[in-house]
Amino acid sequence: MMHVAERGTSFNVSLAFGLIAMSLLDACHALVQVGESFVWLHTIATFAGGALFAQACLPRRYGQQSVVLAAALCFVMIAFGCSTFVAPAVAPKMIGHGGFTLAAKALNIGGGVLMLCAAARLAVSYYCCSKLDDLLFAVHCLLFGGAAIMFEQSQLWDFSWWWWHLLRLMAYGVALGFAIHSLFGIQTELMRRKDYLEVAFSHEHERASELSRRFEALESAVDNHAICTITDASGEILDVNEGFCTVSRYSRDEVIGKSYRMCDSGDHPEAFWSELWGTLSAGNVWKGESCNRAKDGSLYWLESTIIPVFNANGEVEKYLSLCFDITRRKTAEQSLQEVMDDLAEQTSYANTMAAQAEQASQAKSEFLANMSHEIRTPMTAILGYAEILMNDEDLAESNPERIIALQTIQRNGSHLLAIINDILDLSKIEAGKLEVERVDTSPVDTVHDVINLMKGRAESKNLELRAVWKGKIPSRIQCDPVRLRQCLINFVGKAIKFTELGSVSIEVDFDNSDPTKSLMTFDVVDTGIGMTEEQTSKLFKAFTQADTSTTREFGGTGLGLVITKRLAELMGGQVSLRSELGVGSTFSFSVATGPLDGVPIVDPINGPEREASAFNESSSVESVVAESGISGCRILLADDGPDNQHLISYLLRKAGAEVTVVGNGKLAVEEFTIDNSVDGDLTELAPFDVVLMDMQMPEMDGYTAAGTLKDKGCKVPIIALTGHATDTGRLKSLDAGCDDYISKPVNRTTLLSRISSWWHAPEVVLE
């Protein structure tokens with residue numbers, strides 16, 4: 001049982017059969033009088049146990065875990081031992097000349113030596129694997145080995161005689177204790193699994209109940225809004241719903257078992273029915289309109305979809321018909337045809353339709369207004385209170401972490417508000433209600449404003465953000481300055497997001513080759529990841545990015561590009577894109593300059609850049625007193641979220657730990673193994689005491705990183721940080737190689753306690 005369940009010792013098979021052989025032979029030896037059979041049974045029991053236990057010393061390829069080999073050896077030994085009851089002459093002589101014979105001594109001492117070898121092997125296994133059961137059986141073998149050697153030295157009823165009996169009794173006690181402990185462990189595991197299965201059953205029962213409720217709701221919806229009939233392959237009605245009874249005036253009992261033609265109005269030619277049955281007989285779905293006659297003789301029209309249902313042999317077994325009553329529509333069409341020449345009714349009908357369209361348009365406008373109000377109201381409170389706190393007179397003297405927290409609230413609130421604004425802008429553009437202004441606008445000032453605004457974001461990624469002027473440009477143009485700035489911010493923000501190394505440039509050019517339409521072109525050039533031709537074809541569509549992996553890694557709604565495209569078109573220009581995978585991208589848009597009569601053409605001069613913020617995140621932080629528990633602990637933190645990185649590293653450093661931060665699992669493995677590996681195996685002492693590993697990261701996630709480190713021989717504790725606060729998420733993290741698990745949001749006390757408990761465990765090295 002323990003072998004199948006992968007519990008117990010490292011050598012369950014050989015130890016189990018060794019206990020079987022020894023216990024049976026010892027039981028027989030206890031039942032006979034002291035003499036030849038007594039000594040023979042004791043001796044063969046000792047030798048059988050030693051031979052079976054010593055299988056633990058064999059390499060695995062020679063059958064160390066083979067049930068067949070162990071069972072065969074066990075039963076052969078039992079047969080040899082019990083032969084003394086059937087053919088006493090077969091057993092070798094055990095007693096002679098007042099003492100034990102050479103065979104008795106050889107078998108006893110040999111069995112004892114084998115027991116001692118098995119004890120040594122089990123002790124080594126315990127040292128390597130730390131399995132307590134290995135240690136228990138090492139003691140068991142040691143006791144039996146000592147008893148076997150002492151038996152050869154003993155005389156009847158002397159001290160050695162009692163002592164080897166006591167040693168064997170103690171050995172059996174160890175084995176019995178192991179068995180009882182193991183059974184309790186299995187029982188506990190079974191109870192735990194029983195509880196788990198009960199919870200799982202409860203969840204599945206709830207799901208089944210929910211599905212049943214949904215099915216009942218769907219059935220009710222079909223009954224209330226559709227007409228459903230089921231017929232066999234010959235057209236005999238098998239079942240109908242309440243909708244059919246309502247429209248046809250027949251009860252269910254009146255139609256079940258009757259032909260579908262009982263509702264035929266006679267208005268359709270035979271060719272109509274031939275086409276219908278020809279389609280269904282071929283196994284295809286039929287869709288069409290049919291006129292039917294109710295029980296009271298009135299006519300009604302149905303728009304029907306008839307679906308053939310096949311049996312296991314692929315033959316049509318029945319037909320399912322789903323219909324909608326279109327009698328009113330047909331009546332209206334006929335009435336409209338009859339009064340086609342009545343101009344007054346036509347005008348009235350047209351006015352009615354126009355009014356309905358206006359109501360629909362008004363309803364959409366009211367919806368957008370309500371959505372804007374309901375979302376902007378709480379956002380105003382969030383951003384407003386954050387701004388009040390940022391403008392507090394004592395803020396400059398407060399903890400810099402407070403400033404960073406407020407800036408994070410403002411940044412994320414502004415990001416959410418920008419998404420809301422993009423959605424509303426897109427709705428206005430699609431409704432044709434977004435208007436652009438035509439006022440004097442300085443392109444130089446606009447470009448400088450955008451650079452100053454986006455400078456902080458670029459510097460946070462060590463990117464250079466600059467303006468490049470391709471010749472002289474007009475000092476002012478006629479366009480919408482707000483929308484021009486919005487287009488530039490969308491493209492520059494996109495470039496910074498997808499660029500890790502290098503720079504982002506705003507290149508400005510003036511095209512006056514067509515006197516009727518002068519254009520100002522803005523190229524945003526980055527040295528980012530670039531795109532393939534297939535990926536670029538998907539851009540400039542609402543809620544779309546290059547591919548799903550990009551969306552997962554970089555986020556975003558996909559609205560910025562499509563809004564920029566529409567705005568550029570509204571300002572008399574267009575957008576374009578050039579990109580090369582692994583090299584970078586160039587997003588371009590142009591705007592019409594409007595009349596330039598009397599407008600100076602100048603060489604742009606860069607003005608002074610604005611300060612990005614009154615407070616900088618790199619401001620010095622007040623020193624904090626290290627909290628007890630992890631002061632001096634070396635921690636590697638792997639997390640791809642900048643806000644999480646800053647928060648967790650701040651808490652750890654405040655507690656006195658030394659923290660190294662990386663952004664994904666690949667960097668964690670590289671950071672962990674720098675100068676600590678030889679031919680791919682970690683051989684030196686670990687550069688860290690604890691690893692905190694986020695489970696979902698780009699490039700290499702935490703599951704892969706933890707498994708990679710463990711495969712390389714890492715024994716440093718790895719603590720998983722994951723948002724999957726379930727048993728499944730915990731087990732997945734532990735199975736991947738993590739030693740512990742903390743669910744998000746991270747509790748500070750829990751975090752420090754777990755790190756402290758792992759750090760103060762016995763020293764861990766890399767093998």
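Note that the coordinates shown come from a computational prediction; the quantities given were computed from them, not determined experimentally. Residues: numbered from 1 along the sequence shown.
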Taking atom NZ as the centre, does Lys710 end up with more than 12 heavy-atom neighbours from other residues, nucleotides or ligands that are less than 6.0 angstrom away? yes
Can you tell me how far CD of Glu464 sits from OG of Ser503, rounded to the nearest 0.5 angstrom? 5.5 Å
OG on Ser631 to CD on Glu658, rounded to 0.5 Å: 9.0 Å
Does NZ or CZ of Lys732 come closer than 6.0 Å to the centre of the six-membered ring of Tyr703, within 45° of the ring's axis? yes
Assess, by modelled atom type and distance only, whether the side chains of Asp739 and Trp758 contain a donor and an acceptor separated by less than 3.5 Å. no
Mind checking the NZ-CD spacing from Lys666 to Glu671? Nearest 0.5 Å is all I need. 14.0 Å
Within a strict 4.5 Å, meaning less than it, do heavy atoms of the Leu751 and Ile648 side chains meet? yes
Shortest non-hydrogen separation from Gln645 to Leu637 and the atoms involved: O-CD2, 3.9 Å
Does Ile529 reach the side chain of Leu581, with side-chain heavy atoms less than 4.5 Å apart? no
Between Ile719 and Val691, does the side-chain contact (heavy atoms from CB on, under 4.5 Å) criterion hold? Intermediate values first, please. CA-CA 6 Å; Ile719 302 177; Val691 178; over 6 Å; no
Over 60° means perpendicular and under 30° means parallel, so classify the ring planes of Phe587 and Phe491, tilted if in between. tilted
Roughly how far, to the nearest 0.5 Å, is OG of Ser733 from CD1 of Ile718? 11.0 Å
Heavy-atom distance under 4.5 Å between the side chains of Leu692 and Leu636, does that happen here? no
Would you please test Ser202 and Glu198 for side-chain contact (heavy atoms from CB on, under 4.5 Å) and show each step? CA-CA 6 Å; Ser202 176; Glu198 288 178 349; over 6 Å; no
Check: Asp689 side chain, Arg634 main-chain N or O, donor-acceptor pair, under 3.5 Å: yes
Dump the intermediate steps for side-chain contact (heavy atoms from CB on, under 4.5 Å) on Met531 and Ser585, then the final yes or no. CA-CA 7 Å; Met531 290 172 284; Ser585 303; 3.8 Å; yes
For Ala638 versus Met693, what's the shortest heavy-atom pair and its separation? CB-SD, 3.7 Å
Which heavy atom of Leu721 sits nearest a heavy atom of Asp694, and at what distance? O-OD1, 3.1 Å
To the nearest 0.5 Å, atom CD1 of Ile489 lies from atom CG of Leu453 at 5.0 Å
Taking side chain as C-beta onward, heavy atoms only, is Val504 less than 4.5 Å from Val524? yes
Search all heavy atoms of Gly502 against all heavy atoms of Thr527 and return the closest pair with its distance. CA-OG1, 3.3 Å
Check: Ser753 main-chain N/O paired with Ser756 side-chain donor or acceptor under 3.5 Å: no
Less than 4.5 Å apart, any side-chain heavy atom of Thr564 and any of Leu488? no
I'd like to know if the side chain of Lys497 reaches the main chain of Val492, judged simply by a donor and an acceptor atom lying under 3.5 Å from each other, with no hydrogens or angles considered. no
Report the C-alpha distance between Lys494 and Asn490 in whole Å, list the side-chain angles of each, state the deciding distance to 0.1 Å, and finish with yes or no for side-chain contact (heavy atoms from CB on, under 4.5 Å). CA-CA 6 Å; Lys494 183 73 65 176; Asn490 282 343; over 6 Å; no
Looking only at side chains, do Ser588 and Asp523 share a donor and an acceptor under 3.5 Å apart? yes
Test item: Lys194 and Leu197 side chains (from C-beta on) under 4.5 Å apart, heavy atoms: no
State the OG1-CG distance between Thr499 and Asn462, to the nearest 0.5 angstrom. 13.0 Å
With a 4.0 Å cut-off, would you call Glu204 and Arg207 a salt bridge? yes
Could you walk me through whether Thr704 and Asp701 pass side chain to side chain donor-acceptor pair (under 3.5 Å), step by step? CA-CA 6 Å; Thr704 306; Asp701 59 25; 2.9 Å; yes
List the atom of Asp640, the atom of Gln696, and the distance in Å for their closest heavy-atom pair. OD1-O, 3.5 Å
Within-4.5 Å side-chain heavy-atom neighbours: Thr660 and Phe688: yes
Close side-chain approach of Thr750 to Arg754, heavy-atom, < 4.5 Å: yes
Flag, side chain of Lys461 to backbone of Leu501, donor-acceptor distance under 3.5 Å: no
Is the number of heavy atoms from other residues, nucleotides or ligands under 6.0 Å of Arg466 CZ greater than 12? yes
What are the two closest non-hydrogen atoms of Asn664 and Pro698, and how far apart are they? CB-O, 3.2 Å
